[in-house]
Amino acid sequence: MSSALLLLRQKLQASLPLTLGAEIFLPEPLLVPASNPKFGDYQSNLPLALAKTLGKPPRIVAEEIVKNLDLADICDVSIAGAGFINFTLKPNYLEQELQKIYGDDRLGVAPVQKPQKIVVDFSSPNIAKEMHVGHLRSTIIGDSIARILEFQGHEVLRLNHVGDWGTQFGMLIAYLQEAYPEALVTQDALDLGDLVALYRQAKQRFDADPEFQEKSRQEVVNLQSGVEATRRAWQLLCQQSRREFQVIYDLLEVELIERGESFYNPFLGAVVEDLTQLGLLEENEGAKCVFLEGFTNKSGDKLPLIIQKTDGGYNYATTDLAALRYRIKEDQAQKIIYVTDAGQANHFTQFFQVARRADWIPETVQLVHVPFGLVKGEDGKKLKTRSGDTIRLQDLLDEAIDRTRQDLEQRLTTEARTETAEFINHTAKIIGLSAVKYADLSQNRTSDYIFSYDKMLNLQGNTAPYLLYAYVRVQGISRKGEIDLDKLTNPRLILQESPEITLAKHILTLEEILAEVTQDLYPNRLCQYLFELSQKFNQFLEQCPVLKAEEPMRTSRLVLCNLTARTLKLGLSLLGISVLERM
Ligand code: ARG
């Protein structure tokens, strides 16, 4: 299907040469969704934009445009105000379109015509350090972006750029040799909680003791030169972290391919060589750097981006440059999307700049940093436990599930309902996790957001439970009427009441919304769409009887219920959220 917006744009575009002559330069966009329902569904200010060029009053231009526009099957067209054209879709057109998508698994959303190979680099926690709420945001937002692109038909490579290399390992291994030698030879000797505490102790030791510093440096050398015992110790540390991370990914149902920083070690030398050959590298106090355009220090000198340190070691940016080259050359990526906190924006601008100046980015390749804001506690400060420690993700997710379970059990008591333990566990898990995901995704990702269990678990408002409940209402109708809504015979639509028409129009804009999200990578637009869908659906149910309606209205309304539920299910799945049949 092509959305009404696209269709109207095409029709308008095609009619214009007739009216205006072929020479006219047309401003974009020709037509946009109406800013207010009283202006219809779509509006165009083209007459105002062209009046001057044509030397005619806008209303006259509008009349000429409308005269040649044949949209009788699709919408009513009217001229308003100083020379706007308003378009109002006709119920007949809406009925036909809905009928078409009823039989389509993709609900009318066509896959893109030119699928791309796209890398989404997200989650990317660091080994031996706790995965924190920032990584949770990256995981949730990155997963949703990947799901949307996959649904559009792109080939997505979901990469976990884990921080699994660096000098911290020398320190950690040296410390473990002293304190817990068995951890370096036995699997499962430590869990990540211990590892994080040990990391802190190791750091203290490192800062206090020069002899220990020397030992740590030696271990870094051993690691880099591949000394067997050190390598093995490193691998065990990575495995332990990896297992802990996997618990979170399984819980959230997020798929990732781990390709950590260490993967790019063999390619770091070539980055330095090639930058040297290009004349971009300069020595600065013993380090090899690229001086950045547009980044200066206080005295106005260009800032250096260190590519190789004085001791020969490499930096975060060097690895990112190597990864970038690998992804373009070996993975054949046409677009690379990085999902990290906004605090890393400079890092991305900087190494993108170096790669561009080195001419490593073909014109066909697009690099995008997708930044997001901080997660804060209800006190507006950094999210912490009551005792002031950083919150473990596992605990945070468990608490969401526990609180949901308590709410649910209370609701069951009030409603005098009995349910199995299995039902309660499953429902609590889905609602709890959905609530956390949705709370994150429904915010404009660039702003900070306040993490509040009470808000996200509320059945009212722009929350996951509210959306899930709208879906459940449809399943309830299906159960009560004993009707398989996916298999209605002769699913004909008749749109008469205004809530029906409003709901129908909303269902049909899914394709427009997804196109927008794919373009701008703001999943909160999709959340807003689904929230409004649920609201419009609830209004429809309030005003239009369904099971009690007479035929053919009854079937028509059942189709609307079905399409609402399927749109919710599809939309939520693109946010990484599963639906429930009952709750
Ligand atoms: N490990 C980094 C961190 O925890 C995020 C890595 C993001 N990806 C990248 N290619 N730099 O902040």
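Heads up: numbering here begins at 1 and tracks the sequence. Read the numbers this way: they start at 1 and go in the same order the structure lists the ligands and their atoms.
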Please verify the inter-ring angle class for Y466 with F531; under 30° counts as parallel, over 60° as perpendicular, anything in between as tilted. perpendicular
Which residue and heavy atom of the protein sit nearest atom 7 (C) of ligand 1, plus the separation: Y316 OH, 3.5 Å
Nearest heavy atom to atom 2 (C) of ligand 1 wins, so pick from S123, G260, S124, G343. S124
Any N or O of Y338 closer than 3.5 Å to N or O of ligand 1: no
If every non-hydrogen atom of R445 is compared with every non-hydrogen atom of I141, which pair is closest and at what distance? CB-CD1, 4.0 Å
Is the F351 to H369 ring centre distance short of 6.0 Å? no
Name the orientation class of the two ring planes belonging to W234 and W165 (parallel below 30°, tilted from 30 to 60°, perpendicular beyond 60°). perpendicular
Heavy-atom nearest neighbour in the protein, as seen from atom 4 (O) of ligand 1, with distance rounded to 0.1 Å: H135 NE2, 2.8 Å
The reported gap from CD in E155 to CD in Q332 (rounded to nearest 0.5 angstrom) is 10.0 Å
Is there a nitrogen or oxygen of E261 sitting under 3.5 Å from a nitrogen or oxygen of ligand 1? no
Could you report the tightest heavy-atom contact between Q116 and H154, atom names first, then the distance? N-ND1, 2.9 Å
With under 30° as parallel and over 60° as perpendicular, where do the rings of Y338 and F352 fit, or are they tilted in between? tilted
Side chain, backbone, both or neither: which applies to D320 and ligand 1 if a contact is any heavy-atom pair less than 4.0 Å apart? side chain
Which protein non-hydrogen atom lies closest to atom 8 (N) of ligand 1, naming both residue and atom, and how far is it? D121 OD1, 3.0 Å
Enumerated ligand 1 atoms positioned under 4.0 Å from heavy atoms of T340: 7 (C)
Using a plain distance cutoff, I'd like to know if Q344 has any nitrogen or oxygen under 3.5 Å from a nitrogen or oxygen of ligand 1. yes
